[in-house]
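First the proteins, then the strands, lettered A, B, ... as listed; each starts at 1.
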Amino acid sequence: MSTSTPSPSGTRLSPHLRQLESESIGILREVVAEFHNPVMLYSIGKDSGVMLHLALKAFYPSKPPFPLLHIDTGWKFRAMIEHRDQISARYGVKLLVHTNPDGLARGINPITSGSQLHTQVMKTEALKQALDKWQFDAAFGGARRDEEKSRAKERIFSFRSAGHVWDPRNQRPELWNLYNTRISQGETIRVFPLSNWTELDIWQYTRAQNIPVVPLYFAAPRPVIERDGQLIMRDDERMALKPGEREQVRMVRFRSLGCYPLSAAIESQAATIDEVIAEMLATRTSERSGRLIDTDEAASMEKKKRDGYF
Amino acid sequence: MTDTSDSAAERKGLLRFLTCGSVDDGKSTLIGRLLYDTQLVLEDQLAALERDSRKHGTTGEDLDLALLVDGLQAEREQGITIDVAYRFFATPRRAFIVADTPGHEQYTRNMATGASNSQAAVILIDARKGVLTQTRRHSYICALLGIKHVVLAINKIDLVDFSGERFHRIVADYLGFAEPLKFASITSIALSARFGDNVIRRSERTAWYEGPTLIEHLEALDVSEELAGKPLRFPVQWVNRPDLDFRGFAGTVASGVVRPGERVVVAESGRESRVERIVTADGDLSEARAGDAVTVTLADDVDVARGDVLAHADARPEVVDQFAAEVLWMSEEPMLPGRSYLMRIGTRYVPARITSLKHKTDVNTLEHIAAKTLGLNEIGACNLSTATPVAFDPYAENRATGAFVLIDRFTNATAGAGMISFGLRRATNIHRQALLVDKSARVRLNGHRPAILWFTGLSGSGKSTIANIVERELHALGAHTYMLDGDNVRHGLNRDLGFTDADRVENIRRVGEVAKLFVDAGAIVLCSFISPFRAERRMVRELVPAEEFIEVFVDTPIEECKRRDPKGLYARALEGKIKNFTGIDSPYEPPEEPEIVLGRSPLAPEEEARRVLEALKARQIIG
């Protein structure tokens with residue numbers, strides 16, 4: 001590809017990002033062309049932001065011909081929910097929100113139920129409920145192959161048998177860009193348009209395209225407690241202080257956002273996107289290390305994925 | 001322009017390469033080494049690695065870098081890589097995506113998957129073992145999938161005392177083998193993935209080696225395929241129609257360059273128009289080049305749909321419905337010539353069948369071997385025919401428009417991958433002779449509508465007995481009928497066929513084509529065949545309009561069929577004297593949605609026949 005041509009995305013994109021952008025747009029269009037009822041999983045994070053931005057580009061001048069779906073565990077940071085509602089209003093995209101009613105009734109929560117049970121019930125089960133409820137046959141997810149070992153082997157079009165089961169031993173071979181989009185009744189496909197992006201690509205693209213992100217990604221003085229060696233921001237009163245714990249204001253930010261009791265902050269001075277990128281290039285820990293759910297047990301992500309987690 | 005100095009990826013294009021080699025050649029270790037030495041292994045991952053190395057590692061006190069890469073639980077336990085994994089790393093000069101592909105023999109399909117999107121291949125050889133059968137296999141697959149640049153990574157050089165003599169002997173062996181594969185470049189590197197020699201750091205222990213380190217070579221490798229310099233191919237992916245005023249054709253330019261004002265043709269129909277605009281969310285473009293995802297509008301209201309290919313009028317792709325291709329089989333179910341598959345080529349799906357398997361290729365010797373089917377991981381030269389003509393370029397000229405996959409129509413599994421060699425005859429300009437006396441004229445004369453009555457069921461189920469009564473009654477009503485069954489087909493038209501799966505498929509295909517001719521002549525054709533496979537029954541169903549195919553499933557329980565055993569066949573099959581007998585050692589796939597089901601309750605054949613006649617009346621085949 002030539003470096004001197006005007007790109008579909010303006011002059012600010014490097015050849016590398018432009019190549020990733022075009023690939024992702026191709027994937028988004030493919031799903032809309034082949035499936036009856038697609039949906040985009042919108043988790044409010046930076047990857048979802050890029051994915052939504054790409055969808056706005058892919059179908060222009062049409063609007064993205066599918067709704068967004070947010071699986072709300074009830075424990076997201078308040079700033080995330082605000083951002084979600086702003087984004088859906090700003091872009092005029094339909095937003096569906098689903099919370100697992102059984103989990104709510106059982107009082108499942110990330111603090112006393114444990115992260116494993118909470119994730120299983122409020123995320124994995126909730127997602128399956130929502131996919132069944134609205135009869136979606138294809139769901140976009142923002143997962144990237146560079147995130148985690150078992151994700152590195154995920155297909156771009158990932159086939160799920162009835163019941164949303166992922167069998168890593170029986171994946172369809174995926175050659176060229178000739179995606180096999182054929183499914184039978186009850187089967188579904190999960191599609192990962194950002195498969196080949198890295199965390200750095202996401203931030204550089206977010207900067208180049210001015211994509212709005214939740215302010216929690218940028219450092220600010222925030223009240224946090226130290227629990228099990230991690231910095232946790234008490235986003236509301238539901239999280240009780242344990243004996244000896246006290247809130248202290250520190251300059252922190254988040255690399256990865258989820259349920260607030262399960263998302264550890266890092267100490268950082270990076271208050272702008274340029275500073276975040278600079279910090280990332282110097283840093284020596286991976287983004288999921290702040291995700292308390294991944295360390296439950298060895299190969300935990302693969303187990304969750306087999307169960308139907310995104 | 002913002003400051004882009006913070007990333008290699010922003011300055012350089014991307015290199016996609018795959019690694020392949022035999023089990024234990026050290027692929028995972030090599031990739032782990034690349035990640036580790038380019039400092040992409042982060043502190044928490046390193047901690048996990050130290051923990052895993054103690055638990056599963058094979059390197060004693062050292063870190064087992066392979067464990068960084070081996071993702072899935074199962075393969076950690078077996079110690080082999082079982083799937084394709086994609087890895088990302090960057091140096092100050094270039095960003096890389098690595099497809100880590102398996103060395104285990106049964107997973108060849110995954111290697112082809114990795115190769116299909118790679119521009120270069122790193123083929124590992126264990127310096128102690130030299131060129132192995134699988135080295136040859138992997139090199140052949142790389143060549144077949146159009147990879148032009150090969151790096152021969154002669155690994156574990158530490159275990160042969162850093163011997164230059166050993167290195168040069170392996171290189172000579174390899175070059176001897178690879179000569180007919182016509183790679184554009186083969187670069188041999190002596191390295192140790194475990195200790196890092198000549199991976200990123202130049203080794204002092206191989207003073208005789210004067211070539212580049214692996215990373216130096218990968219950073220410098222020129223893989224520009226100049227796709228933009230090839231003829232324009234724009235496969236239409238999606239028609240964008242937000243309102244009545246806008247009709248755009250969204251797609252990714254597969255090759256070439258397109259500009260507003262240019263004359264383009266729809267390759268399949270030959271219709272011409274002019275490019276009006278190239279639309280993107282960031283404004284209209286003055287040109288779109290290979291790889292760009294855009295939306296094109298045309299000046300005229302020509303008929304264009306998903307699957308069509310736009311091209312310049314003076315450099316069109318071929319449009320054919322028959323061509324020769326190399327096919328790699330990827331399914332446990334063998335490829336059967338004659339069976340109908342779904343072909344995906346470009347953005348189009350089209351029913352296709354393999355009309356002949358010319359030979360299969362022994363991937364170790366590259367010898368051609370006569371064959372009737374292709375099994376999992378086998379590669380063969382085939383002729384294919386598609387239900388409608390498709391636009392293509394030979395794969396050697398254009399990877400984007402010369403590749404296809406074959407999908408099993410029942411399981412939807414991706415069953416095969418193909419690379420088109422050449423078209424067999426031009427489908428354009430061939431118009432079928434328009435006949436003056438056509439089917440509708442014959443229907444008027446006959447006074448009834450034509451149909452295929454397809455009786456399927458086990459041997460001894462009563463298919464032929466019922467079909468004979470139905471024919472007798474139809475004849476009495478004045479209908480034109482004809483009976484096709486094993487007795488009158490197997491002794492003539494299909495005398496050359498036996499009872500293997502491949503022959504059963506061909507048998508049914510021929511019967512279907514003959515039945516179609518009779519239907520065209522206006523007759524009601526009664527076909528009585530065990531026809532155990534759904535795919536073949538569907539193949540016949542699709543030959544005629546939907547209302548003209550009536551599947552009659554004679555579902556007599558197998559115990560009853562065995563009890564009747566009118567020809568003594570079950571008895572002989574059970575004694576092992578007949579092979580491939582349906583219901584005994586060969587499967588029967590019951591119809592999923594037959595139009596008529598008989599045989600489930602003990603009715604006399606006359607009664608069953610009466611039910612068929614009633615169904616024909618209900619469907620207005622007969623009055």
Side-chain angles (χ1 to χ4, degrees), chain A residues 1-2 5-12 14-17 19 21-23 25-26 29-30 32-33 56-63 145-146 149-150 152-153 168-169 171-176 178 180 182-184 195-196 198 200-201 204 207-208 277-278 281 283-286 289 299 302-303, chain B residues 1-2 4 6-7 9-14 42-45 71-74 83-88 95 97 109-110 112-113 116-117 228 237-238 240 242 246 250 252 279-282 285-295 306 330 342 344 347 399 403-405 407 412-414 417:
Chain A
M1 209 189 294
S2 164
T5 48
S7 84
S9 324
T11 51
R12 296 186 68 208
S14 66
H16 172 74
L17 289 179
Q19 196 178 338
E21 179 190 66
S22 280
E23 255 182 38
I25 286 175
R29 288 172 172 170
E30 190 61 27
V32 164
L56 294 165
K57 285 192 165 195
F59 304 101
Y60 177 86
S62 297
K63 292 259 181 216
R145 285 172 174 158
D146 82 325
K149 279 191 282 193
S150 79
K153 315 211 156 188
R169 282 182 172 276
Q171 297 193 80
R172 291 175 177 178
E174 202 162 69
L175 291 97
W176 301 286
L178 299 178
N180 177 355
R182 308 305 268 208
I183 54 170
S184 299
S195 287
N196 287 328
T198 63
L200 187 60
D201 296 329
Q204 287 177 333
R207 175 172 67 182
I277 289 172
L281 286 165
T283 192
R284 302 286 294 154
T285 52
S286 70
S289 66
E302 185 187 346
K303 259 191 190 139
Chain B
M1 198 80 188
T2 52
T4 57
D6 49 26
S7 154
E10 282 218 32
R11 283 199 305 275
K12 291 278 177 181
L14 196 58
L42 303 169
E43 279 164 12
D44 54 320
Q45 291 171 334
L72 300 190
Q73 218 169 358
D83 209 333
V84 190
Y86 296 90
R87 294 285 151 199
F88 303 80
I97 298 181
R109 63 174 205 176
N110 291 328
T113 303
S116 74
N117 285 316
Q237 196 180 10
W238 182 67
N240 191 347
F246 186 92
T252 301
V279 178
T280 76
D282 301 299
L285 302 186
S286 57
E287 64 173 31
R289 303 171 71 88
D292 290 343
V294 295
T295 300
R306 171 171 164 88
M330 300 186 292
L342 201 58
R344 164 126 204 198
T347 52
R399 267 171 119 178
F404 61 84
V405 296
I407 296 167
N412 288 322
T414 304

**Asked** Could you walk me through whether A:L175 and B:M330 pass the side-chain contact (heavy atoms from CB on, under 4.5 Å) check?
**Response** CA-CA 11 Å; A:L175 291 97; B:M330 300 186 292; 3.6 Å; yes
**Complete:** Closest non-hydrogen contact found for A:F59 with B:N240 is O-ND2, 2.9 Å
**Message:** Please classify the contact of B:A413 with chain A as side chain, backbone, both or neither, using a heavy-atom distance under 4.5 Å.
**Reply:** backbone
**Asked** Distance from B:T414 atom OG1 to A:L178 atom CG, nearest 0.5 Å?
**Response** 9.5 Å
**Item:** Sidechain-backbone polar pair: B:Q237 side chain, A:G26 backbone, donor-acceptor under 3.5 Å
**Value:** yes
**Message:** Could you report the tightest heavy-atom contact between B:A293 and A:S22, atom names first, then the distance?
**Reply:** N-OG, 3.2 Å
**Request:** Can you tell which part of A:S184 gets under 4.5 Å to a heavy atom of chain B, answering side chain, backbone, both or neither?
**Result:** both
**Message:** Looking at every heavy atom in both B:W238 and A:V32, which two are closest together, and how far apart are they?
**Reply:** NE1-CG1, 3.4 Å
**Prompt:** Can you tell which of A:N196, A:L56, A:I183 has the highest number of heavy-atom pairs within less than 4.5 Å of chain B?
**Reply:** A:N196
**Request:** Go through the structure and list residues passing salt bridge (charged side-chain N to carboxylate O under 4.0 Å, His left out) with B:R344, not counting sequence neighbours.
**Result:** A:E30
**Request:** Check whether B:Y86 gets within reach of chain A through its side chain, its backbone, both or neither, counting any heavy atom under 4.5 Å.
**Result:** both
**Item:** Main-chain N/O of B:N412 paired with A:R172 side-chain donor or acceptor, under 3.5 Å
**Value:** yes
**Message:** If we ignore hydrogens and angles and just use 3.5 Å, is the side chain of B:T113 paired with the main-chain N or O of A:P173 as donor and acceptor?
**Reply:** no
**Message:** If you apply the rule side-chain contact (heavy atoms from CB on, under 4.5 Å), what do you find for B:D282 with A:K57, and how did you get there?
**Reply:** CA-CA 8 Å; B:D282 301 299; A:K57 285 192 165 195; 2.9 Å; yes
**Request:** Grab the two heavy atoms, one from B:F88 and one from A:S195, that are nearest each other, plus how far apart they are.
**Result:** CZ-O, 3.7 Å
**Message:** For B:V279, which atoms come within 4.5 Å of any heavy atom of chain A: side chain, backbone, both, or neither?
**Reply:** side chain
**Message:** For a quick test of reading the model, state the closest non-hydrogen atom pair linking A:Y60 to B:T280 and the distance between them.
**Reply:** CE2-O, 3.4 Å
**Item:** All salt bridge (charged side-chain N to carboxylate O under 4.0 Å, His left out) counterparts of A:E174, not counting sequence neighbours
**Value:** none
**Asked** If you tally heavy-atom pairs under 4.5 Å against chain A, which of B:T295, B:L342, B:N117 wins?
**Response** B:N117
